[in-house]
Amino acid sequence: MTQIPPSARHAAMLTLLSPALRHGTGVLARLVRAGALHCVFQPLGDLRAGGVYAHEALIRGPRDTAWHTPIALLEQAQREHVLADFELFCIFTALRDWAATHPPGTAPGRLFVNISADALVLGVSIFGAKLAQAVRSMGSKARMLVLEVTEHERVTDMAMLRAAVKTVHACGIRLALDDFGDGRSSLRLWSEVKPDFVKIDKHFIHAISAHPEKLQMLQAIKGIAEMFGTQLIAEGIETREDLHALRDLDIPFGQGWLLGRPAQAPRARLDDEALAVLKDRHVAVLPHLGQTARPGILRSLPLVQAPAVSPDTSNDAVAALFHAHPTLHALPVVEGTRPIALVNRLQFMNRYATLYFREVHGRKSCLAFANPSPRVVELDCDVEQLMGILTAQDQRYLNDGYIVTDNGRYLGLGTGAQLVRAVTETRIEAARHANPLTFLPGNIPISLHIQRLLDNGTEFTACYADLNHFKPFNDYYGYWRGDQMIRLLARLATAHCDPRHDFVGHVGGDDFVLLFQSGDWLQRCENLVAEFAREALLLFDEAARQAGGIYAEDRDGVRRFFPCTTLSIGVVRIAPGALRRAEDVANLAAMSKHDAKLAASGIAVRAGPTAAAQTDPELARAA
């Protein structure tokens, strides 16, 4: 396709639309043909550099009418059964208006536009390999276009979506996933679309500076983004405090009224108030989440108290229940007290409304139109069971929800939206005090575990592991290589411990605590010291390996030679009943660490106090 003159672009767009839009008598069809729709543009800010990274196009109808907002337009498109075609029209309207905001011959910047999965599939089916040419014909470049995939409804054909995504990527268009975390966008869609960007739903951004649970959720989403290699965009930034927190959390991009409101023309810079926050060098004081993880994920969720029906309940009776309870998303089918099936409201009522359904099936059992394999979870279920619902190939469970039981007895229903948030919150709570670099338990979980060992009268071995000559290494090679070495120690320490019996915690910096109940703790420590010495060498350059170390400044600023980094482990054996406080164990292990730094083997074992020392002052002083 060649470049289309601006005056002819609207006519060209109309030729691509379905007959329902080209010739329909509905309000939306008339607005489309009249050219009464236009786009405004809201900036997306680069929270690191403080500039405008891109703009999002937002469709608008005639001002001062009921059709001005995008929600009203999309709802009308659904009523006229032209939603996918209308979305394509919106994209080309955005490209047309975007090109018009720039002088002829100049390259418009990056533009984000919304599109549902079904509309994306439709667009690819129309243009195929000529998709990039179609974008160029509207005055833009494919590589500067970002399609934000939204889920107005559940994706109807994942295989077709995968094929469409492949075509979109091939022509240079980038993809984003919109409103992640709102209960509709799923982890599976993230993995299928493989987006370059993911927009975090504004629910998690609003007042993040004051809500520690939202902060923890965002950190969890960051972990997923790092795994997928995805850039994050925080939506709905409205306050200085939230922007400050997001900047310090190193969220790369943001969008919201504080950065800039939608306008007819693109923005050259962010609003002054936002720029002032981004340039402020003070570090935000982030909220602290001080409680431990709650034990029962479902016990804290409000269940839907849906009335149960029996296998003998007729379809007419089910329809009557749905009419009587308009907010119910489903009804459980229960045999005695045991749930055996689930009736989805939308699917059932769609069938019930078809011609002759009542006459043929009205008095028959509702089981014929129920899901015979619903997801049933116990009240005290493991969070991993609920994670399986989110990532399962069959995503109908997010629409149907799930049945909650207590010892097999029906209690109520849960919804997919509840599930997304509950699983995210619970997984965050489970790792609430994890070290942010290694994700190993931090000081509080370490102390709690030691206290449990003491309270249970368990014999165990407490080890304090520390790196030798780490500061010179970190100063010489930089913090990035230093972080690699700390993560190396975390990985090896975990590998050399038995997860069934031993505990690994990260105090901070290069200090780690290992709590062994394994009888072969000494052999494990020796193997850990030896393997770390071998693998740590790979983080030095060849010259340093040949020399056996590096020249760097010591703590007094004097330049001297430091050997390659090795590991020291101070060990203290704790007898049952010998100590009562976790603090005392930590102090003894720290003292033993200093001994280990002087030991040729890198391991020093200090005898802990005996149980008798608790009652005999002389024995306590000797210990």
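These numbers were taken from a predicted model, which means no experiment stands behind them. The first residue of the sequence shown is numbered 1, and numbering continues consecutively from there.
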* For residues Leu161 and Leu189, report the shortest heavy-atom separation together with the two atoms involved. => CD2-CD1, 3.6 Å

* **Leu249 side chain near Ile208 side chain, heavy-atom distance below 4.5 Å** => yes

* Would you sort out whether Glu378 and Asn407 count as a side-chain contact (heavy atoms from CB on, under 4.5 Å), showing the intermediate values? => CA-CA 7 Å; Glu378 272 290 302; Asn407 292 321; 4.3 Å; yes

* Structure fact -> Here the gap from Arg110 atom CZ to Leu44 atom CG, rounded to the nearest 0.5 Å, amounts to 10.5 Å

* To do: Could you tell me whether His449 atom NE2 has more than 12 heavy atoms of other residues or ligands within 6.0 Å of it?
  => yes

* Asked: Quick one: does Arg481's side chain get under 4.5 Å of Tyr476's, heavy atoms only?
  -> no

* Any side-chain heavy atom of Leu259 sitting closer than 4.5 Å to one from Val52? -> no

* Structure fact -> Partner of Gln517 under side-chain contact (heavy atoms from CB on, under 4.5 Å), picked from Asp498, Leu453, Thr461, is Leu453

* Looking at CZ of Arg545 and CG of Leu539, how far apart are the two atoms once the value is rounded to the nearest 0.5 Å? -> 9.0 Å

* **Taking every non-hydrogen atom, the tightest pair across Glu235 and Asp201** => OE1-CA, 4.3 Å

* Expected output: side-chain Glu526 to main-chain Trp521 donor-acceptor under 3.5 Å -> no

* Can you name the closest pair of heavy atoms from Pro195 and Leu177 and give their distance? -> CB-N, 3.9 Å

* **Check: Asp556 side chain, Val558 main-chain N or O, donor-acceptor pair, under 3.5 Å** => no

* Could you tell me whether Asp554 and Lys471 have a side-chain N and a carboxylate O separated by less than 4.0 Å? => no

* Structure fact -> To the nearest 0.5 Å, atom NZ of Lys593 lies from atom CG of Asp595 at 11.0 Å

* Could you tell me whether the side chain of Gln231 reaches within less than 4.5 Å of the side chain of Arg174, counting heavy atoms only? => no

* Do His211 and His206 come close enough that some side-chain heavy atom pair is under 4.5 Å? -> no

* Any chance NZ of Lys166 has more than 12 other-residue heavy atoms, nucleotides or ligands included, within less than 6.0 Å? -> no

* To do: Determine yes or no for a side-chain-to-main-chain donor-acceptor pair under 3.5 angstrom, with Asp46 supplying the side chain and Ala49 the backbone.
  => yes

* Distance-only, no hydrogens or angles: does the Lys597 side chain make a donor-acceptor pair with backbone N or O of Gly570 under 3.5 Å? -> no

* Compare all side-chain heavy atoms of Pro441 with those of Phe503 and state whether any distance is below 4.5 angstrom. => yes

* Asked: Rounded to the nearest 0.5 Å, what separation is found between the CD atom of Glu148 and the CG atom of Leu175?
  -> 10.5 Å

* To do: Might you work through the side chain to side chain donor-acceptor pair (under 3.5 Å) test for Ser568 and Asp466, ending with a clear yes or no?
  => CA-CA 5 Å; Ser568 294; Asp466 180 54; over 6 Å; no

* To do: Ignoring hydrogens and angles, state whether a donor on the side chain of Thr150 or Asp178 is under 3.5 Å from an acceptor on the partner side chain.
  => no

* If we only count heavy atoms from C-beta on, is the Leu514 to Arg524 side-chain gap below 4.5 Å? -> no

* Would you please classify the geometry between the Tyr551 ring and the Phe561 ring as parallel, tilted or perpendicular, with 30° and 60° separating the classes? => perpendicular

* **Under 3.5 Å donor-acceptor, Asp406 side chain and Leu411 backbone** => no

* **Under 3.5 Å donor-acceptor, Lys279 side chain and Ala276 backbone** => no

* Just wondering, are more than 12 heavy atoms of other shown residues or ligands nearer than 6.0 Å to NZ in Lys222? -> yes

* To do: Would you please test Tyr464 and Ser592 for side-chain contact (heavy atoms from CB on, under 4.5 Å) and show each step?
  => CA-CA 8 Å; Tyr464 201 123; Ser592 186; over 6 Å; no

* Asked: Any side-chain heavy atom of Phe473 sitting closer than 4.5 Å to one from Leu467?
  -> no

* Structure fact -> When rounded to the nearest 0.5 Å, the distance separating CG of Leu218 from CD1 of Ile205 is 5.0 Å

* Rounded to the nearest 0.5 Å, what separation is found between the CZ atom of Arg491 and the CD atom of Glu535? -> 4.5 Å

* Distance-minimising heavy-atom pair for Leu232 and Pro252 -> O-CG, 3.3 Å

* Least distance between heavy atoms, Ala578 atom then Pro609 atom -> CB-O, 3.0 Å

* To do: List the steps and the verdict of side-chain contact (heavy atoms from CB on, under 4.5 Å) for Tyr53 and Leu47.
  => CA-CA 9 Å; Tyr53 175 73; Leu47 304 190; over 6 Å; no

* Report the C-alpha distance between Lys202 and Asp179 in whole Å, list the side-chain angles of each, state the deciding distance to 0.1 Å, and finish with yes or no for side-chain contact (heavy atoms from CB on, under 4.5 Å). => CA-CA 7 Å; Lys202 61 185 178 182; Asp179 294 332; over 6 Å; no

* Asked: Which heavy-atom pair separates Ile237 from Gly254 by the least distance, and what is that distance?
  -> CD1-CA, 3.7 Å

* Asked: Parallel, tilted or perpendicular for Phe253 and Phe197, by the 30°/60° rule?
  -> perpendicular

